[in-house]
Amino acid sequence: MRTFLLKMGLGLGGLLLGGAHSAAAQTAAPANRFVTDSLDRYVQRGLKQWELPGLAIVVVKDGKVVVSKGYGVRAVGKPEPVDANTLFMIASNTKLFTGTALANLDEQKKIALDDRVTKYLPGYQLYDSAASRLVTVRDLMGHHFGFKTFQGDFTFFNSNLSREDIIYRMRLMKPGGQFRREYGYCNSGFVAAGQVIPAATGGTTWEEYVRQNILRPLGMTSTSMNSQGFEQQPNHALAYSNTFGPLAQVPIDNWDNMGPCASMTSNVTDLGKWLQMQLDSGRYQGQRVLPWNVLRKTRDANTLLSTRKSPALPTHFTTYGLGVLSTDYNGKQVFWHTGGASGQVSNVCFVPEAGLGIAILTNNDNQSFFEALRYQILDSYLGVPYTDRSAFFLKRAKAARLADDPTKKLDARVAKKAKLPMKLEAYAGSFENALFGSVIIAPKNKQQLLVRFPTHPGLTATLDYMDGNEFRCTYSNLVFGVQPAIFKVEGGKVTGVQLQANDYVEEDPYLFTKR
């Protein structure tokens with residue numbers, strides 16, 4: 001799930017600051033025994049154990065693609081296999097493309113990463129006036145706001161709000177932590193960063209700038225900047241989840257309004273080219289695509305996440321740059337990011353000191369095999385004694401599933417068929433939250449209420465009475481979860497309702513006031 005993917009941190013940024021590392025110039029290493037002898041069996045076993053329909057992987061070593069293939073199927077119950085050209089949403093792996101674009105503009109002196117945001121977006125504001133004056137372009141991509149992880153995403157996620165709307169509403173997001181002190185993963189910051197590009201280039205959109213300066217020079221012809229149209233592509237993976245029961249298909253996200261943080265789609269064929277460029281200091285097939293200094297700027301540590309040794313992995317430090325994380329791994333510096341979309345999760349990872357790059361794309365969002373496989377490959381190339389990473393992650397996942405399921409507790413309260421304290425119609429009406437906007441609640445039938453979300457096309461929620469003034473809220477898109485809806489009642493009248501989504505979307509509830 002997205003919460004696990006993006007809060008999980010495994011880095012000391014700066015080990016590569018002394019100069020470029022050219023993968024092309026390195027001496028080819030002997031064939032890796034795990035990749036040549038064990039990879040297929042390991043993946044096939046993992047697909048079954050983790051209920052994972054399909055997976056695609058690319059491994060780059062010393063300037064060459066040594067693995068580029070697919071496993072499993074694109075759609076459950078259909079024979080079409082995943083291959084190296086199957087498209088997936090890469091979600092937050094989009095962020096490094098955005099960070100690279102802005103680092104390139106910095107290198108070209110068209111912006112400075114430490115310029116205040118208001119130089120490019122004059123109306124930009126945050127909740128705190130001091131932070132509004134001080135926030136820089138670098139801050140937008142460093143998760144420096146003091147927000148909680150995913151704060152605001154229930155408002156923005158799969159909504160019809162424009163990028164301008166999202167940027168405007170950031171001023172309504174009250175941080176729980178201090179500006180530039182607490183880390184909280186912030187998607188909307190990258191939306192604002194993407195809008196700096198047209199402001200600095202005379203109108204070139206984020207999409208077009210990345211296409212012109214990164215995708216076309218690399219020949220990444222299958223990669224799209226937008227999620228809209230993904231399902232019309234002939235070779236694409238469907239999205240699945242078993243978070244709330246048996247494995248089921250879930251809708252593909254439409255994140256074009258949040259494009260610079262999450263909207264790109266790609267395949268391992270194209271991502272192999274991206275990795276080769278990262279490993280050859282900005283060159284691809286001998287041709288300069290980006291200056292080495294641009295890549296270095298994206299990798300420099302802007303945010304410190306952890307300085308503690310991992311109990312399970314050979315790591316100690318974790319930092320965040322411009323859309324990429326960094327850690328030490330058995331003495332080598334590793335750069336990576338995960339991407340979590342509804343029903344599809346991925347990671348992209350590169351180790352310049354070892355000439356190694358890995359990208360893994362999958363189509364079940366409730367599994368950790370995509371990360372276990374990455375660590376297994378890192379272990380095999382970086383000299384870590386063998387331990388079955390998938391088995392370790394699977395044991396943790398099973399333990400988590402044995403814990404109390406809050407959804408079952410909600411179901412049990414509904415099953416008691418308690419009597420409503422007021423007529424069903426008393427809970428109906430239009431409700432407003434300053435950040436989110438409005439929701440409309442009306443009777444669905446004699447026993448249930450229906451919630452409509454004007455800013456989220458197609459999304460509804462069914463409310464089933466539990467007890468007190470609380471209802472079970474079941475969203476039509478189960479990615480949003482099954483949660484309690486708590487009505488506020490004063491003097492015998494409903495004054496508001498508290499709604500929340502699955503913590504995959506956002507952790508904290510929203511209070512809506514009745515108009």
Side-chain angles (χ1 to χ4, degrees), residues 1-2 4-5 35 38-59 65-94 222-224 227 229-253 255 262 264-272 274-275 337-349 358-377 389-390 393-394 397 478-479 504:
M1 292 174 61
R2 201 171 63 139
F4 169 74
L5 303 177
V35 168
S38 305
L39 179 65
D40 288 352
R41 291 194 305 274
Y42 189 89
V43 173
Q44 294 292 0
R45 184 187 69 180
L47 297 185
K48 294 178 182 177
Q49 290 177 329
W50 290 92
E51 290 190 271
L52 181 52
L55 176 151
I57 182 171
V58 62
V59 179
V65 175
V66 295
V67 175
S68 183
K69 63 191 302 185
Y71 297 87
V73 294
R74 307 191 313 241
V76 173
K78 295 185 178 180
E80 290 80 11
V82 171
D83 59 33
N85 296 313
T86 300
L87 294 170
F88 293 78
M89 292 192 71
I90 65 169
S92 286
N93 282 300
T94 299
S222 297
T223 300
S224 173
S227 53
F230 172 76
E231 293 175 277
Q232 282 68 57
Q233 297 299 316
N235 186 357
H236 74 276
L238 298 184
Y240 294 90
S241 183
N242 56 1
T243 304
F244 297 101
L247 188 72
Q249 186 178 345
V250 296
I252 296 291
D253 291 320
W255 279 348
M264 291 177 68
T265 66
S266 191
N267 56 31
V268 295
T269 296
D270 274 8
L271 291 174
W274 173 240
L275 289 169
H337 211 290
T338 55
S342 300
Q344 298 195 351
V345 291
S346 60
N347 60 55
V348 178
C349 169
I358 307 161
I360 299 167
L361 311 178
T362 66
N363 62 345
N364 175 357
D365 64 14
N366 188 36
Q367 46 83 23
S368 301
F369 182 68
F370 78 113
E371 282 285 73
L373 177 58
R374 175 171 75 97
Y375 292 128
Q376 207 73 68
I377 294 170
R389 299 293 185 187
S390 180
F393 279 83
L394 193 63
L478 282 182
V479 167
Y504 171 99

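We use all heavy atoms of the structure for the numbers below, so side chains are in, but hydrogens, waters and symmetry mates are not. Computed from a predicted model, the values in this text were never measured in an experiment.
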Rounded to the nearest 0.5 Å, what separation is found between the CD atom of Q367 and the CH2 atom of W50?
7.0 Å

Verdict with reasoning, V59 to I377, per side-chain contact (heavy atoms from CB on, under 4.5 Å):
CA-CA 9 Å; V59 179; I377 294 170; 4.2 Å; yes

For N366 and S241, test the side chains for any donor-to-acceptor distance below 3.5 angstrom and give the result as yes or no.
no

All ring pair (Phe, Tyr, Trp, His ring centres under 6.0 Å) counterparts of F230, not counting sequence neighbours
H236

Qualifying residues under side-chain contact (heavy atoms from CB on, under 4.5 Å), relative to A237, sequence neighbours excluded
T86, F88, Q344, N363

Pick out which of T338, N93, L271 makes a side chain to side chain contact (heavy atoms under 4.5 Å, CB included) with S346.
N93

Residues forming a side-chain contact (heavy atoms from CB on, under 4.5 Å) with V65, sequence neighbours excluded:
V58, V60, S68, Q276

To the closest 0.5 Å, what do you measure between CE (M89) and OG (S227)?
4.5 Å

Taking side chain to side chain donor-acceptor pair (under 3.5 Å) as the test, write out the residues that go with N267, two or more places apart.
none

Does a side-chain heavy-atom distance below 4.5 Å link V76 with Q249?
no

For residues 39-55, which residue pairs pass the salt bridge (charged side-chain N to carboxylate O under 4.0 Å, His left out) check, not counting sequence neighbours?
D40-K69, R45-D388

Taking the six-membered ring for Trp, are Y42 and F369 ring centroids under 6.0 Å apart?
yes

Just to verify, what does T94 make a side chain to side chain donor-acceptor pair (under 3.5 Å) with, not counting sequence neighbours?
none

Holding to side chain to side chain donor-acceptor pair (under 3.5 Å), I want the full list of residues that pass it with S266, two or more places apart in sequence or in another chain.
T223

Partners of T269 by side chain to side chain donor-acceptor pair (under 3.5 Å), sequence neighbours excluded?
N85

Distance from S38 atom OG to Q376 atom CD, nearest 0.5 Å?
9.0 Å

Which pairs pass salt bridge (charged side-chain N to carboxylate O under 4.0 Å, His left out) with one or both residues in residues 77-88, sequence neighbours excluded?
none

